[in-house]
Amino acid sequence: MNRTLVKQALEDNLLAERIRIQGWIRTRRDAKSFSFLELNDGSCLKNLQVVVDAGLPDYRRLPEATTGAAVAVEGRLVESQGKGQSREVVADSLEIVGVADQTYPLQKKGHTQEYLRTIAHLRPRTNLFGSVFRVRSRLAQAVHRFFLGRDFVLIHSPIITANDCEGAGELFQVTTRGTPASPAGSDRNFFGQPTYLTVSGQLSAEAFACALSNVYTFGPTFRAENSNTSRHANEFWMIEPEMAFCDLAGNMDLAESFVKYLIQDIRTHCPQELELFQRFVDRELASRLDFVLGNPFKRLSYAEAVAILQRSGKNFQFPVEYGVNLQSEHERYLTEEHFRQPVTVHDYPRDSKPFYMRTNDDGRTVAAMDVLVPGIGELVGGSQREEREDVLRSQFERHGLDSQKYRWYLELRRYGTVPHSGFGLGFERLVMFVTGLANIRDVIPFARTPGSAEF
RNA sequence: UCUGGAGUAGCUCAAUGGUAGAGCAGCUGGCUGUUAACCAGCGGGUUGCAGGUUCAAGUCCUGCCUCCAGAGCCA
């Protein structure tokens, strides 16, 4: 008999049919002559209630049907006599597929997120984390749908790379040295030069944008920073669109449309999950998401942002003057207090930004932009890229970089160069924004953070 | 890496320097179309680790480890 998912049993037109359900027991409530099982298979937030009558031959197996056990049930799907659910299954067979003994750590009552991190292999069996990872999956697919709808081409940029996308943080080196195949001391560069785990697919994406026009990458990236915060992981996923014949304004337009599209998609397709986050994670979630959808992002230049911060009368820990990096407290003030909506800050001073950003006509600023959102801070960072070979060469000098190592990147400017732009969006930060969860460790299946790679 | 906070039963937390406890979970039994079920009973501890002070340390001191929040770096 074919399996029916709990989601189908609850939503599809299957009443009065005999179905087969397979899942994990969330809880069991025994009466004298029958028992109720709550079955969850992860297909949706809700459980399916199963009624097991004591008259069944399989009823003797019931003691093994404890919280956490995997079971397969066959029976008729009927309207429930009870109040808590519309439908239930009246079992005519009960098979214990895999038992869970009394050490099973998930209780019916709530656990803290900190504790669940210590059992990361089991936490997707909770309502909260099941919801988080269904939403994460839906968001990932929405990313592809968004770009597909705009004729962007997906580029699988390399994960092992020789280029250090300068300014993007510390690198993990990739080496065979110190392994049995290549013991320490055998000084061999497997790829003929030092290689690293990628910190960004941007440079690859630029090359492909200068051929296929509109492209994007969506893959894992790695930073060896010893960052110990709720917003940083050493392995995270990034989405990086890159567009030829596109300036900074077009870049900001795309970023705003993109963020709104993704939020709208979850609004439409994951209402049960959002309701759970609203109730148990963040009471402001729904209003914040609606507010983002209903209003244009506030756009202002770095110079205007500095002026607003200086006029704010706030006593910032880091004093504000033109030229300094905007600190977390400044970004938070702009998006959470002053504008109370997403803010796109553009045209930053050149000195604090990486080599590839396009120098503006004033010679002092670059065509960069950051999208700041309440609660998260920087969600998107992007720029128009420097397409003029001579200016790019002088930027290498200014940053003390060896232009020889960027030979192919320079050739993109020599052969048919075009104005082009792109940005990076940290996927986990997006999931955090949409779910309301405050710690990045809780929106990635198995987080990689300093000192932690158990799972 | 810096600043601050916290580590006590499986989980969440109590405990003036003086006999380590509760709720939940688990186990046993009872009861009920139940639904974070309910009622009764039972077991459960190297108080993060290593030193030190003291007649006596979960509690005070020193060092280390881990976790959390914030900061820096960034996405």
Side-chain angles (χ1 to χ4, degrees), chain A residues 26-39 46-53 63 66-68 78-86 88 90 100-119 122 126-127 165 167-170 199-202 220-240 255 280 316-318 325-332 352-354 370-373 376-382 423-433 438-444 449-452 454:
Chain A
R26 283 293 178 81
T27 177
R28 189 183 90 214
R29 293 180 292 272
D30 295 331
K32 187 164 238 172
S33 57
F34 53 91
S35 285
F36 298 104
L37 302 179
E38 291 280 347
L39 233 60
K46 288 186 172 155
N47 304 323
L48 182 61
Q49 175 164 287
V50 176
V51 188
V52 184
D53 193 271
T66 56
T67 303
V78 301
E79 286 189 39
S80 178
Q81 302 171 35
K83 286 222 167 75
Q85 58 285 316
S86 59
E88 64 191 16
V90 179
D101 71 21
Q102 60 187 262
T103 64
Y104 184 68
L106 292 175
Q107 304 174 184
K108 281 170 260 186
K109 296 212 172 189
H111 289 292
T112 62
Q113 286 160 221
E114 290 81 4
Y115 171 64
L116 290 170
R117 272 173 222 150
T118 69
I119 49 171
L122 296 173
T126 64
N127 285 338
C165 197
E170 297 296 312
V199 295
S200 164
Q202 179 195 318
T221 50
F222 307 86
R223 306 276 168 93
E225 297 286 350
N226 187 14
S227 304
N228 222 302
T229 83
S230 55
R231 290 176 184 76
H232 294 82
N234 295 296
E235 175 181 306
F236 64 99
W237 286 62
M238 191 152 63
I239 299 143
E240 295 178 283
F280 296 112
F316 293 115
Q317 188 192 338
F318 294 87
N325 277 324
L326 294 185
Q327 304 293 316
S328 279
E329 57 177 342
H330 307 140
E331 296 180 347
R332 293 178 75 100
S352 59
K353 291 293 182 180
D370 285 345
V371 176
L372 314 176
V373 296
I376 305 287
E378 186 180 337
L379 179 63
V380 170
F423 61 80
L425 181 146
F427 187 56
E428 282 73 23
R429 292 197 178 166
L430 177 74
V431 181
M432 290 169 74
F433 188 68
N439 196 308
I440 197 169
R441 294 168 182 82
D442 295 332
V443 299
I444 191 164
T449 51
S452 174
E454 184 187 355

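This structure is a prediction, so every number in the text was calculated from the model and none was measured. Residue numbering restarts at 1 for every chain, and letters A, B, ... go by the order of the sequence lines.
Within the nucleic acid shown, A:E378 comes within 4.0 Å of sugar-phosphate atoms alone, with no base atom in reach, counting heavy atoms only. At the heavy-atom level, A:H232 lies under 4.0 Å from base atoms of the strands shown. As judged by a 4.0 angstrom heavy-atom cut-off over every strand, A:L379 is placed among residues touching the sugar-phosphate backbone only. Looking at heavy-atom distances under 4.0 Å, A:F236 makes contact with a base. Using a 4.0 Å heavy-atom criterion, one finds that A:E88 contacts the bases of the nucleic acid, with or without backbone contacts as well. The residue A:T118 sits apart from the nucleic acid: no heavy atom pair falls under 4.0 Å. Contacts of A:G426 with the nucleic acid, taken as non-hydrogen atoms under 4.0 Å apart, involve only primed sugar atoms and P, OP1 or OP2.
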Atom pairs, protein N/O to nucleotides 64-71 of chain B N/O, distance under 3.5 Å:
unit_1	atom_1	unit_2	atom_2	d
B:rC68	OP1	A:R117	NH1	2.6
B:rA69	OP1	A:N439	ND2	3.3
B:rA69	OP2	A:N439	ND2	3.3
B:rG70	OP2	A:S230	OG	3.1
B:rA71	N6	A:N228	O	3.2

Protein-nucleotides 37-43 of chain B N/O pairs closer than 3.5 Å?
unit_1	atom_1	unit_2	atom_2	d
B:rA37	OP1	A:K108	NZ	3.4
B:rA37	OP2	A:R29	NH1	3.3

Using the side-chain contact (heavy atoms from CB on, under 4.5 Å) rule, take A:M432 and A:R231 through it: C-alpha gap first, then chi angles, then the decisive distance, then the call. CA-CA 9 Å; A:M432 290 169 74; A:R231 290 176 184 76; 4.3 Å; yes
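At least one donor-acceptor pair closer than 3.5 Å links the side chain of A:E329 to the backbone N or O of A:Q317. With A:S227 contributing its side chain and A:T229 its backbone, the two residues share no donor-acceptor pair below 3.5 Å. Using modelled atom types, one side-chain atom of A:T221 and one backbone atom of A:F236 make a donor-acceptor pair closer than 3.5 Å.
Between B:rU16 and B:rG7, the two P atoms lie 13 Å apart (nearest whole Å). On the C1' atoms, B:rA25 is 11 Å away from B:rA9, given to the nearest whole Å. Going from the C1' atom of B:rG45 to that of B:rA15 covers 14 Å, rounded to whole Å. Here, B:rU47 and B:rC60 have their P atoms 16 Å apart, quoted to the whole Å. Distance noted for atom P between B:rG26 and B:rG10: 15 Å (whole Å). Comparing the same atom, P, in B:rG5 and in B:rG41 gives a spacing of 42 Å after rounding to whole Å. Between B:rU19 and B:rU59, the two P atoms lie 14 Å apart (nearest whole Å). When the P atom is compared between B:rC55 and B:rC2, the two are found 38 Å apart, to the nearest whole Å.
The nucleotide B:rC60 finds its pairing partner in B:rG52, both defining distances of the Watson-Crick or G-U wobble pair being shorter than 3.5 Å. Taking a pair to require two hydrogen-bonding distances under 3.5 Å in either a Watson-Crick or a G-U wobble arrangement, B:rU46 remains unpaired. The base-pairing partner of B:rU66, taking Watson-Crick or G-U wobble contacts with both distances under 3.5 Å, is B:rA6. Both distances falling under 3.5 Å, in either a Watson-Crick or a G-U wobble arrangement, place B:rG41 opposite B:rC27.
At a cut-off of 3.5 angstrom, the base of B:rG10 holds at least one donor-acceptor pair with the side chain of A:Q107.
With rounding to the nearest 0.5 Å, the separation of CG in A:N47 from CZ in A:R26 is 5.5 Å. Between atom CD of residue A:E240 and atom CG of residue A:L425 there is a gap of 10.0 Å, rounded to the nearest 0.5 Å.
Contact annotation: A:T103 does not reach the phosphate of B:rG10 (side-chain N/O to OP1 or OP2, under 4.0 Å).
Taking each heavy atom of A:L430 and A:L379 in turn, the nearest pair found is N-CD1, 3.6 Å.
Side-chain contact annotation: A:T66 with A:Q102, donor-acceptor N/O pair under 3.5 Å absent.
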